[in-house]
Every structure is written in C-alpha cells, then in structure tokens.
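One structure is given here, and the rest of the page talks about it.
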Amino acid sequence: MASVVAEKLSEIQIGDDMASTAPNLMKNLSLLSPVQVELAKMLLREGQSHLFLHWPEPGVDDDKKRDFFEQVSRLNSSYPGGLVAYIQNARKLLADSKAGKNPYDGFTPSVPSGEILTFGDDNFNMLEEAGVKEARKAAFVLVAGGLGERLGYKGIKLALPLETTTGRCFLQHYIESILALQEASCKLVQGGCNSEIPLVIMTSDDTHAPTLNLLESNSYFGMKPTQVNLLKQEKVACLDDNDARLALDPNDKFKIQTKPHGHGDVHALLFSSGLLNKWHNAGLRWVLFFQDTNGLLFKAIPAALGVSLTREYHVNSLAVPRKAKEAIGGITKLTHADGRTMVINVEYNQLDPLLRANGHADGDVNCETGYSPFPGNINQLILELQPYIEELTKTQGAISEFVNPKYKDSSKTSFKSSTRLECMMQDYPKTLPPSARVGFTVMETWLAYAPVKNNPEDAAKVPKGNPYHSATSGEMAIYRANSLIMKKAGVEIADPVVDEFNAQEVEVWPRITWSPKWATTFADLKKKVIGKCSISQRSTMIIKGQNIVLGGLSLDGTLIVKAIDEAEVQVSGCVQNKGWLLEKIDFKDSSLPQETRMRGFKIQKVEQLEENYSEPGKYSFRA
C-alpha cells in the first residue's frame with residue numbers, strides 16, 4: 001500500500017510546491033482512482049487547494065471524499081472544455097468586472113434588418129401558409145429548467161393552467177399546438193406524409209422528475225413518447241473570490257456549492273446529445289426555441305417560420321414593438337471598430353447608455369412609429385439547422401458568458417455571497433461570422449407575447465400602463481388575442497370591460513378559447529366563421545374539435561362544443577343563458593389552490609349549453 005501511495009504522490013507532484021499546498025489531500029490519495037487523481041491534479045494546477053484544507057485523516061468520511069470527486073467529475077464533464085475552461089473563463093470575466101470593463105467598448109449600435117408583420121394582411125397570411133408547410137421540417141426545443149417560485153407556485157411552471165376556462169396546462173397547450181402544426185403541415189404535402197415533429201424539453205434537477213411525471217400521467221398529451229426527449233442541464237460551480245476559487249457548500253464541506261448556469265446551456269446539451277445530426281439526417285431544417293410560460297407564442301410561430309424560410313435567415317429572433325427605455329432587451333446590430341459585426345439582444349439598461357456614447361444625445365427614443373427602432377426581444381429563436389450544427393461543431397455549444405458578483409464594497413475585492421458564470425440562450429449569435437444571416441420578426445404584442453412570470457404582489461407594483469406579466473394578465477391576454485382574431489375574421493365582438501384582480505387593472509374580453517387543431521392559421525379560422533356571428537362581453541365559448549363551423553351564431557352566455565375529428569358540425573342560432581361568472585378572490589386566501597389564487601379570480605359555472613359529437617358524421621346544430 002505504501003508503494004501505491006508513493007506512486008500516486010509522485011503522479012500528483014506538479015511543480016516544486018504544488019504537493020505541499022494540499023497535504024491533507026496527499027494523505028488520502030490511496031482512496032482515489034486514477035481518474036480521480038487526474039482531477040485532483042487539475043484542481044491543484046488551477047489553484048483550488050483550499051478545497052482540501054479541512055479533509056481529515058484516511059478512515060474518516062472516506063465516502064464523502066469519494067463523493068466529492070464524483071461531483072467534480074460531473075461538473076468537469078458537463079461544461080464545454082471542463083472545469084479548467086470554467087475557472088479560466090471565470091478569472092477573465094471577474095477581472096473585467098472588477099475593472100468595470102464595458103463589454104460593448106468599441107462597438108457602434110445600429111438598427112438591424114428584419115421583418116415587421118401586421119396580423120391578418122396578405123403578407124402575414126402568405127407567411128403563415130409558408131410556415132405551416134415548413135413546420136414538418138422543424139424541431140421544437142422548450143427551455144423549462146425553472147420552478148414557479150417567483151410566481152408563488154411550488155410546482156413546475158409547465159403544469160400551470162394556461163387559462164382557467166378549460167384548465168389546460170402550458171405543456172398540454174404546447175404539445176397540442178405542435179401536433180396541430182404537424183398535421184396541418186403534412187396535409188399540404190402532395191400525397192400526405194407521416195412526419196413527426198420532435199420536441200426537446202430542457203429540464204434541471206428541480207424540474208426533471210415533475211416534467212416526466214406530467215408527461216407520463218397524461219399520456220404525453222397525445223404525442224408519441226418517442227417524439228419527446230428530456231435533456232437535463234447540470235448546475236455550475238460557485239466562485240468565492242476574484243481568483244475564481246471554487247466555493248464549498250456552506251452546509252457540506254465535501255460539496256462544491258452550485259447554482260444554475262442559465263438557459264444558454266441548451267446549445268451545449270443539444271450538441272452533446274447527438275440529436276442535431278439525427279435531425280439533419282432525417283431532413284429537418286429548423287430548430288425553434290421557446291420558453292415555458294408564453295401562452296400566445298404559437299399564434300406567432302407559423303408566420304415567423306415563414307419569414308425564416310423566405311429571408312433565408314440562419315437566426316431569426318421573434319420580437320415585439322418596444323417603447324424606448326422599456327424594461328425589455330432590444331435587438332441591436334453592433335459594429336466594432338475592427339470590422340466585426342453581430343446582431344444580438346442588448347439589455348435595456350445597456351442600450352440607452354451605448355446609444356448616448358455613440359453620438360445619439362437622447363439615447364433610446366421612440367421613432368415616428370411611436371416605438372423604439374430597436375425591437376423588444378422575447379427570447380424565442382428560430383435557427384437554421386445546418387449552419388447551427390457547423391457553429392456548434394466549432395464551439396461545442398459554449399455560449400458567451402457573463403458574471404454578476406455582488407461586491408461587499410467599492411474596492412471590489414470580496415463578494416457578499418458566492419457568484420457563478422451565467423449564459424443566455426439568445427446570446428448564441430455573438431460567436432457567428434459576419435456572413436451569418438441574422439434578423440428578426442416583429443409581431444404585435446397582443447398576438448405574440450404574454451409571459452407569466454410575476455407573482456401578484458410584484459405585479460401590483462408595476463407602474464400603470466406597463467405590462468404585469470402575471471398569471472392574471474397572461475390569462476386575460478389569451479382571451480383578448482382570441483377575441484381580436486375573431487373580430488378580424490368578421491365576428492361582432494363586444495368591447496371589453498376594465499376590471500381589477502389582485503390589484504391589477506386588466507381588460508376583460510369574452511372568454512373565447514379553441515383547441516389548436518381548430519385553427520393553426522388565420523386563414524383556417526376565417527373558413528370556420530361564416531355568416532353573421534356575434535359574441536357578448538360576458539360570454540364564454542370553448543371550441544374543442546377540428547371541423548366545427550360557426551355559421552350565424554349569436555352568443556350571450558356560455559357555449560361548449562366538442563367534436564371528434566370525423567364529425568363535421570355547424571353551429572348557428574341564438575344561444576343565451578346565465579353563463580359563467582368571474583368571481584374575485586384574495587390571493588392570500590390559503591384555502592384556495594395556488595394556481596387559482598395567483599389569478600385573483602375563479603370561474604363560477606352557473607349555466608352553459610354543451611354539445612358533444614362523439615360519432616362520425618355531419619351535424620347541424622341550431623339553438
């Protein structure tokens with residue numbers, strides 16, 4: 001045994017003084033495998049001897065020592081370039097942060113080129129059709145590593161109801177929307193096709209098991225389990241100081257403290273999974289990235305995919321009109337003095353000073369449209385697969401990182417608490433060559449963007465006129481969008497009333513919902529609304545089926561129509577009943593479920609007319 005220890009000791013000698021920096025490690029070398037010895041050498045080489053200062057004599061906590069290296073191995077394998085790259089990147093970024101270095105020094109901002117769409121016009125309809133046709137060549141990637149704690153919800157955000165009229169959760173809505181696109185896309189292929197659109201969900205330690213359980217307990221919401229892949233992201237090591245010394249867990253001296261690295265990890269996970277090449281070999285052309293609680297997104301995807309196709313964009317960022325200085329990042333073209341260019345998201349608090357520093361005395365201001373010329377980034381990306389694979393082959397999926405230490409004082413020599421490197425999915429274009437075709441697609445906010453991320457108390461503090469981004473506003477945005485789409489199709493929709501829930505003032509439109517397969521595009525919907533139709537403000541309408549036509553319907557109350565795909569149903573006449581009422585509740589009322597309290601209302605189902613068609617055939621229902 002002594003000779004083995006001596007041999008391992010000689011292996012770990014790196015320079016004259018290195019072994020002496022970790023005497024407690026040296027005493028425990030016999031516990032380590034050859035692979036773990038290499039990891040120990042790496043840690044010492046990178047100045048991490050402090051990790052072993054507390055290690056006791058062999059025979060004490062030996063299992064914990066081995067577990068420590070198991071964790072080191074995981075951290076090393078999950079980061080592109082390993083822990084050496086992580087530590088070295090951290091030192092550089094921490095030095096830049098201490099020096100107050102501006103990451104945009106030398107860059108001049110300008111407005112990039114992109115497509116600004118108007119819902120329902122000829123161009124929009126053409127792009128929607130092109131996008132649906134192309135959808136069968138797409139894969140979808142859902143970034144869902146976070147819990148709903150910020151919302152005051154203990155579960156995963158994907159399990160939250162999109163809206164309470166039907167109670168469908170976000171994940172069900174997303175999967176049903178993808179399946180609807182899949183079916184519609186295949187119908188446009190001569191002779192039909194059997195394409196299956198893949199879905200990847202990036203999870204974390206916190207969300208992996210609950211996401212899998214949500215899928216399995218609901219039969220994957222109709223999607224084949226083979227279409228779905230879950231990729232779990234690992235956390236990264238925390239940093240204790242400007243020398244990038246790795247932080248030990250305050251509750252366990254045999255563990256390195258870790259925190260999330262950010263949703264930028266999705267690129268490295270996709271690259272290492274082998275899925276990108278599998279998709280490419282199967283003839284796919286596009287990868288669409290989206291986040292977990294934007295219930296409007298799939299209303300924007302067909303037209304945005306049509307833009308990617310017609311403009312041949314390698315990267316297409318979905319965006320919304322943005323008021324100057326609004327707290328949302330702006331899509332910006334940056335040109336460096338050395339000739340480099342990139343089109344990326346610049347955070348709102350960096351965009352204004354960047355403009356002022358480059359000759360724009362007023363900074364970020366609205367143009368003649370009433371909006372900033374720099375559109376608002378909503379973190380939904382469409383990437384062309386072939387150039388994406390080529391880029392990730394160079395970078396291994398590593399994304400430009402940043403660090404945000406909270407310093408104890410102005411000397412910037414020590415931190416209030418440990419920090420870590422972070423990365424964002426939307427920073428992918430930072431490493432692209434100038435030849436890359438990077439653009440954006442702007443959609444109207446009412447159509448494309450209503451994220452659910454703020455709890456009621458935080459939402460109530462939002463200045464009047466600014467978006468609440470709460471469960472209340474997110475649900476009301478769905479009813480508003482559906483009402484406006486119906487109105488554009490010729491339905492007479494009553495004006496909304498303004499009401500207050502959870503101290504948030506919102507417009508309450510008719511509660512109209514439909515299953516994604518009923519209408520994947522505006523053109524689809526127009527075919528299913530014929531004759532003169534009207535819907536009152538207090539009404540609720542739920543359409544669940546593919547071949548349901550509204551023909552001369554007048555609704556004042558609640559109507560639910562459900563039909564199997566093989567049933568063709570025409571609904572007409574006058575439906576009037578007491579309907580469903582919105583009953584205000586207090587979000588502090590702990591007797592109610594969290595997912596209800598966060599909205600500030602529940603639905604009181606007083607009276608409704610429900611029609612179900614479970615047999616194939618043609619039906620005409622007249623109230």
Side-chain angles (χ1 to χ4, degrees), residues 117 119 131 138 140-148 150-151 153 155-164 166 168-178 180-181 199-203 207 211 221 262-263 266 287-305 316-322 326-329 331 345 375-382 424-426 440-455 458-459 462 466-482 484-485 506 513-514 516 520 595 598-599:
L117 303 184
F119 177 79
F140 285 80
V141 179
L142 169 56
V143 177
L147 292 169
R150 186 173 159 191
L151 286 163
Y153 179 64
I156 56 170
K157 289 185 280 184
L158 287 175
L160 279 170
L162 177 78
E163 35 77 14
T164 45
T166 65
R168 288 187 312 144
C169 69
F170 277 98
L171 186 55
Q172 178 178 357
H173 172 68
Y174 292 149
I175 287 178
E176 288 181 354
S177 297
I178 292 168
L181 277 173
L199 170 63
V200 167
I201 305 175
M202 184 177 82
T203 61
T207 65
T211 303
F221 297 107
H263 48 49
V266 70
V287 187
L288 291 87
F289 295 82
F290 64 110
Q291 290 185 275
D292 46 15
T293 54
N294 179 11
L296 295 179
L297 176 68
F298 276 85
K299 296 184 186 303
I301 278 178
L305 185 53
N316 182 9
S317 293
L318 272 69
V320 293
R322 176 183 158 277
E326 185 181 339
I328 178 174
I331 307 290
N345 170 67
N377 168 53
I378 63 171
N379 278 359
Q380 324 291 333
L381 300 173
I382 302 177
M424 297 190 291
M425 175 177 76
Q426 66 269 27
F440 62 79
T441 302
V442 175
M443 304 263 188
E444 292 144 289
T445 305
W446 67 262
L447 179 73
Y449 190 53
V452 175
K453 54 188 182 182
N454 289 329
N455 64 48
D458 289 343
V462 169
N466 287 16
Y468 296 114
H469 292 168
S470 67
T472 310
S473 62
E475 177 159 353
M476 292 301 168
I478 288 164
Y479 303 141
R480 179 187 187 214
N482 289 344
L484 289 173
I485 291 168
V506 291
T513 68
W514 57 79
T520 52
E595 56 267 35
M598 67 173 66
R599 295 163 202 277

Side-chain donor or acceptor of [X] paired with backbone N/O of [Y] under 3.5 Å:
X: Gln380; Y: Gln291; answer: yes
X: Asn294; Y: Ala448; answer: yes
X: Asn379; Y: Met425; answer: no
X: Thr207; Y: Thr203; answer: no
X: Arg599; Y: Glu475; answer: no
X: Asn377; Y: Ile331; answer: no

Could you tell me which non-hydrogen atom of [X] sits nearest to which non-hydrogen atom of [Y], and how far apart they are?
X: Leu160; Y: Met598; result: CD2-CE, 3.7 Å
X: Leu305; Y: Gly131; result: CD2-O, 3.4 Å
X: Val462; Y: Pro467; result: CG1-O, 3.6 Å
X: Tyr153; Y: Ala159; result: OH-CB, 3.9 Å
X: Gly474; Y: Val452; result: CA-CG2, 4.0 Å
X: His173; Y: Gly295; result: NE2-O, 3.4 Å

Quick one: are [X] and [Y] in side-chain contact, heavy atoms under 4.5 Å?
X: Tyr479; Y: Val506; result: no
X: Trp514; Y: Ile485; result: yes
X: Cys169; Y: Glu595; result: no
X: Met443; Y: Phe119; result: no
X: Tyr449; Y: Ile328; result: yes
X: Ile301; Y: Phe290; result: no

For Phe298 and Tyr174, take the angle between the two ring planes, folded into 0 to 90°, and tell me which bin it lands in: parallel under 30, tilted 30 to 60, perpendicular over 60.
tilted
Nearest 0.5 angstrom please: [X] [atom1] to [Y] [atom2], how far?
X: Leu171; Y: Ile156; atom1: CG; atom2: CD1; result: 7.0 Å
X: Thr513; Y: Leu162; atom1: OG1; atom2: CG; result: 9.0 Å
X: Leu297; Y: Leu447; atom1: CG; atom2: CG; result: 10.0 Å
X: Asp292; Y: Lys157; atom1: CG; atom2: NZ; result: 4.0 Å
X: Leu318; Y: Thr441; atom1: CG; atom2: OG1; result: 5.5 Å
X: Lys299; Y: Thr520; atom1: NZ; atom2: OG1; result: 11.0 Å

For a side chain to side chain contact (heavy atoms under 4.5 Å, CB included) check, start with the C-alpha distance between Asn454 and Arg150, then their side-chain angles and the critical distance, and finish with the verdict.
CA-CA 6 Å; Asn454 289 329; Arg150 186 173 159 191; 3.1 Å; yes
Under the side chain to side chain contact (heavy atoms under 4.5 Å, CB included) test against Val141, which residue among Ile201, Val200, Leu288 passes?
Val200
Ser317 and side chain to side chain contact (heavy atoms under 4.5 Å, CB included): which single residue from Asn345, Leu381, Ile378 fits?
Leu381
